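To start, the structure itself, in structure tokens.
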Number of protein chains: 2
Amino acid sequence: MKIKNDHNLDFALILANHGVSKTKFRINLLNLFYEKESLTVKEVMNKFSNLINKVTIYRALVSFEEKGLIHKVPSSNNIIRYSLCNSDECSASLHKHNHGHFICNNCNQTFCLENYKSPDIKPVDGFYINSLNLILEGYCKDCHLN
Amino acid sequence: MKIKNDHNLDFALILANHGVSKTKFRINLLNLFYEKESLTVKEVMNKFSNLINKVTIYRALVSFEEKGLIHKVPSSNNIIRYSLCNSDECSASLHKHNHGHFICNNCNQTFCLENYKSPDIKPVDGFYINSLNLILEGYCKDCHLN
DNA sequence: CAAAATAACGCAATTAAGTTGCGTTTATTT
DNA sequence: AAATAAACGCAACTTAATTGCGTTATTTTG
Ligand SMILES: [Mn+2]
Ligand SMILES: [Mn+2]
Ligand SMILES: [Zn+2]
Ligand SMILES: [Zn+2]
């Protein structure tokens with residue numbers, strides 16, 4: 001029992017429970033997702049000071065996604081963002097959050113908007129639904145002023 | 001008064017009203033948006049049989065967007081989609097639709113889901129909101145079977 | 001309506017996100 | 001500890017998106 005991170009979580013154990021190999025990098029990557037609401041490949045690269053090969057990051061993200069640890073967040077630019085799955089609301093094959101997410105079109109940070117409740121997922125004739133996301137975009141406090 | 005399209009609309013006039021130059025291509029492009037729920041650059045290119053330079057398409061889409069004719073549709077892949085603004089719900093600076101949109105992760109078609117009502121836009125402390133989108137993703141009827 | 005001004009267009013070159021193959025290293029299983 | 005499987009790094013590649021610039025089409029003005 002040697003957990004020493006800001007979340008009192010055993011990230012190696014979480015990885016193991018999801019069938020993901022617990023390498024140093026992947027443990028740190030999972031930790032990172034607990035610190036930031038959402039991440040892009042570039043943001044991960046910067047966080048690791050470019051010491052990790054970008055291909056490794058891409059493949060780790062795909063692996064995390066396949067094993068139900070993270071999911072993609074829709075946005076209007078052409079950069080893929082990932083966000084930690086909420087164990088209450090997400091399963092490996094059906095992702096939703098009960099609240100909206102705000103994406104700043106300048107700094108690209110994302111923020112949870114607890115005020116915005118997203119509708120429940122209900123089946124629709126002939127559509128196989130994998131995810132539901134309520135996306136708000138615009139400028140955050142910092143970026144609006146500039 | 002020589003309007004001969006499937007929508008009984010004078011696309012040249014609409015362009016003029018929005019301050020967009022009415023070239024043959026842009027008239028046809030606007031027409032195209034009235035036929036398809038959403039479009040990517042590649043889809044536009046194919047519709048014009050690759051006769052229009054892709055840079056021209058990119059710049060026309062940016063122009064349409066700036067003038068409030070179309071807006072981006074968030075998605076989880078890295079390809080930008082545009083959709084016609086709804087004059088009832090969209091303004092040049094604030095875009096929303098009152099219903100969710102479904103994106104097929106295989107054929108990339110989009111479908112309006114009138115059953116899914118999106119919440120109203122309400123101001124949030126320190127956030128400047130430009131758009132609200134309710135995005136559902138998965139597989140459409142055709143692509144689910146394959 | 002013709003000239004001047006402005007906006008759109010096409011082409012070539014570039015940037016940057018994302019992917020693939022393969023040999024090597026690290027982790028997991030037996 | 002040996003065998004198996006997964007992760008990693010590097011180089012090369014693909015493709016979406018952007019930029020510069022000279023040319024052509026549209027719009028504005030006298
Ligand atoms: Mn999820
Ligand atoms: Mn709109
Ligand atoms: Zn911002
Ligand atoms: Zn489909």
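Predicted, not measured: the structure shown is a model, and the values here were computed from it. Every chain is numbered from 1, with letters handed out A, B, ... down the list of sequences.
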Could you give the side-chain donor-acceptor pairs of residues 125-132 of chain A under 3.5 Å, partners two or more places apart or in another chain?
none

Contacts under 3.5 angstrom, residues 68-78 of chain A side chains, donor-acceptor by atom type, not counting sequence neighbours:
{"residue": "A:His71", "atom": "NE2", "partner": "A:His97", "partner atom": "NE2", "Å": "2.7"}
{"residue": "A:Ser75", "atom": "OG", "partner": "A:Asn77", "partner atom": "OD1", "Å": "3.0"}
{"residue": "A:Ser76", "atom": "OG", "partner": "A:Glu137", "partner atom": "OE2", "Å": "2.7"}
{"residue": "A:Asn77", "atom": "OD1", "partner": "A:Ile79", "partner atom": "N", "Å": "3.0"}
{"residue": "A:Asn77", "atom": "ND2", "partner": "A:Asn108", "partner atom": "OD1", "Å": "3.4"}

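With pairs defined as Watson-Crick or G-U wobble and both atom distances under 3.5 Å, the stems of at least three pairs that touch DNA chain D come out as C:1-30 with D:1-30.
Residues from residues 44-55 of chain B with heavy atoms under 4.0 angstrom of DNA chain C, sorted by number: B:Ile52, B:Asn53, B:Val55. Residues of residues 28-38 of chain B that place a heavy atom closer than 4.0 Å to DNA chain C do not occur. Looking at residues 76-83 of chain A, you'll see A:Asn78, A:Ile79, A:Ile80 sit with a heavy atom under 4.0 Å from some atom of DNA chain C.
For B:Lys36 (side chain) and B:Glu43 (main-chain N/O), no donor-acceptor pair under 3.5 Å exists by modelled atom type.
A search for side chain to side chain contact (heavy atoms under 4.5 Å, CB included) contacts involving A:Asn46 returns A:Lys42, A:Asn50, not counting sequence neighbours. Qualifying ring-ring contact (aromatic ring centres under 6.0 Å, His included) partners for B:Phe33, counting only residues two or more places apart in sequence or in other chains: none. Every residue two or more places apart in sequence or in another chain that forms a side chain to side chain contact (heavy atoms under 4.5 Å, CB included) with A:Asn98 is listed here: A:Glu89, A:Lys117.
At the phosphate of D:dA17, neither OP1 nor OP2 sits under 4.0 Å from any side-chain N or O atom of B:Lys42.
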What protein N or O atoms touch nucleotides 1-6 of chain D N or O atoms at under 3.5 angstrom, if any, and at what distances?
{"residue": "D:dA6", "atom": "O3'", "partner": "A:Ser21", "partner atom": "OG", "Å": "3.2"}

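As rounded to whole Å, 10 Å separates atom P of D:dA7 from atom CG of A:Leu15.
Residue A:Val55 is found outside any hydrophobic cluster, as its side-chain heavy atoms come under 4.5 Å of no other Ile, Leu, Val, Met, Phe, Trp or Tyr.
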Candidate pair A:Phe64 and A:Leu15, rule side chain to side chain contact (heavy atoms under 4.5 Å, CB included), full reasoning: CA-CA 9 Å; A:Phe64 279 23; A:Leu15 289 177; 3.8 Å; yes

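For DNA chain C, the contact window with chain B, defined by any atom under 4.0 Å from a protein heavy atom, covers C:dA7 to C:dG18 in 5' to 3' order.
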